[in-house]
Amino acid sequence: MSAGSVDLSSYRDQHFKGSRSEQERSLRDSCTLYVGNLSFYTTEEQIHELFSRCGEVRRIVMGLDKYKKTPCGFCFVEYYIRPDAEMAMRYVNGTRLDDRLIRVDWDAGFIEGRQYGRGKTGGQVRDEYRTDYDAGRGGYGKLLQQKIAPNTDNR
């Protein structure tokens with residue numbers, strides 16, 4: 001395996017269908033990347049422009065809110081060949097896109113249905129529990145919004 005940022009991270013998809021060793025093998029052979037911390041307003045075209053600098057992109061699958069079908073801050077980028085994906089891991093991870101530092105990690109391969117957020121409210125779980133205000137990701141966390149929404153005019 002190559003050195004540095006192309007190594008596998010400690011994160012593992014808990015919904016992976018298969019053994020831990022099968023998941024490790026899939027990650028080591030994969031040409032698919034998970035891209036996180038995107039703005040809800042980042043377009044597929046912007047992602048394609050950035051990631052195509054590292055090689056020919058096969059497809060991009062935007063992450064969507066399960067209920068609203070609107071972008072929810074992640075996507076999958078699939079390359080044709082592993083070296084291009086490795087270059088993206090090395091050079092795109094941690095760069096700024098739409099004024100946000102994006103995270104790039106290996107993915108075992110896109111399977112239909114994974115484009116939807118896994119949170120109770122339809123988006124990403126991390127956005128439900130966030131307590132800070134983040135305009136690029138919909139404002140305050142969903143759970144906090146539910147608590148403060150009825151009392152907004154009583155201040």
Side-chain angles (χ1 to χ4, degrees), residues 1-132 134-139 141-142:
M1 187 105 204
S2 304
S5 60
V6 298
D7 291 339
L8 300 182
S9 72
S10 60
Y11 173 79
R12 296 295 175 269
D13 180 6
Q14 300 304 308
H15 296 269
F16 181 82
K17 306 281 189 258
S19 70
R20 188 71 150 183
S21 62
E22 289 170 327
Q23 187 177 33
E24 295 281 327
R25 190 173 27 248
S26 293
L27 289 168
R28 291 188 191 288
D29 295 338
S30 181
C31 295
T32 303
L33 302 173
Y34 170 88
V35 183
N37 201 38
L38 293 172
S39 166
F40 289 3
Y41 307 103
T42 299
T43 65
E44 186 173 333
E45 290 76 21
Q46 288 172 284
I47 294 163
H48 188 272
E49 183 181 331
L50 177 62
F51 281 84
S52 64
R53 294 176 186 178
C54 296
E56 191 176 352
V57 173
R58 182 170 179 236
R59 71 175 171 164
I60 295 169
V61 180
M62 297 297 288
L64 300 173
D65 182 293
K66 190 175 2 184
Y67 304 116
K68 298 182 208 160
K69 306 297 188 261
T70 56
C72 67
F74 71 96
C75 74
F76 298 92
V77 176
E78 190 176 310
Y79 286 94
Y80 286 98
I81 59 173
R82 174 78 179 199
D84 292 350
E86 288 178 357
M87 193 176 312
M89 278 290 294
R90 214 178 259 116
Y91 298 113
V92 179
N93 186 30
T95 61
R96 197 170 288 279
L97 179 62
D98 256 0
D99 209 26
R100 305 185 67 78
L101 292 178
I102 60 172
R103 290 189 313 269
V104 181
D105 204 354
W106 291 110
D107 188 79
F110 176 75
I111 297 170
E112 187 59 37
R114 289 194 57 219
Q115 72 268 40
Y116 300 114
R118 295 177 179 168
K120 292 182 183 97
T121 60
Q124 287 190 275
V125 174
R126 67 182 281 244
D127 288 318
E128 294 181 346
Y129 295 97
R130 191 167 25 77
T131 57
D132 61 320
D134 188 339
R137 293 186 70 89
K142 296 280 189 199

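With rounding to the nearest 0.5 angstrom, the CZ atom of Phe110 is 6.0 Å from the CZ atom of Arg59. Interatomic distance, CG of Leu33 versus CZ of Arg103, reported as 14.0 Å (0.5 Å rounding). Going from atom CD of Glu86 over to atom CG of Asp7 covers 9.5 Å, rounded to the nearest 0.5 Å. Between Cys31 atom SG and Glu56 atom CD the span is 12.0 Å, to the nearest 0.5 Å. In this structure, Ile60 CD1 and Thr32 OG1 are separated by 12.0 Å, a value rounded to the nearest 0.5 Å.
For Thr43 against Met62, the heavy-atom pair with the smallest separation is C-CE, 4.4 Å. Closest approach of Tyr116 and Lys66 over heavy atoms only: CD2-CA, 4.0 Å. The shortest non-hydrogen separation linking Cys75 to Ile47 is SG-CD1, 3.8 Å.
Of the possible polar contacts, one joining the Arg114 side chain to the Gly109 backbone as a donor-acceptor pair under 3.5 Å is found. One N or O on the side chain of Arg82 and one on the backbone of Arg28 form a donor-acceptor pair closer than 3.5 Å. Between the Ser30 side chain and the Asp107 main chain, a donor and an acceptor come within less than 3.5 Å of each other. Checked by atom type and distance alone, the side chain of Gln115 pairs as donor or acceptor with a backbone atom of Gly113 at under 3.5 Å. Of the possible donor and acceptor atoms, none in the side chain of Asp65 sits under 3.5 Å from a partner among the backbone N and O of Thr70.
Applying the side-chain contact (heavy atoms from CB on, under 4.5 Å) test between Asn93 and each of Leu101, Val104, Asp105, Ile102 identifies Val104 as the sole match. Considering Asp98, Asn37, Asp99 as possible partners of Thr42, the one that fulfils the side-chain hydrogen bond (donor to acceptor under 3.5 Å, both in side chains) test is Asp98.
When side chains are defined from C-beta on, Val35 counts as touching Phe51, because their heavy atoms get closer than 4.5 Å. Proximity of Met87 to Tyr79: side-chain heavy atoms (C-beta onward) are nowhere separated by under 4.5 Å. The closest side-chain heavy-atom distance from Val92 to Val77 is not below 4.5 Å.
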Stepwise, does the side chain to side chain contact (heavy atoms under 4.5 Å, CB included) test hold for Glu78 with Val61? CA-CA 8 Å; Glu78 190 176 310; Val61 180; over 6 Å; no
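Relative orientation of the Phe74 and Tyr34 rings is parallel, given thresholds of 30° and 60° on the angle between their planes.
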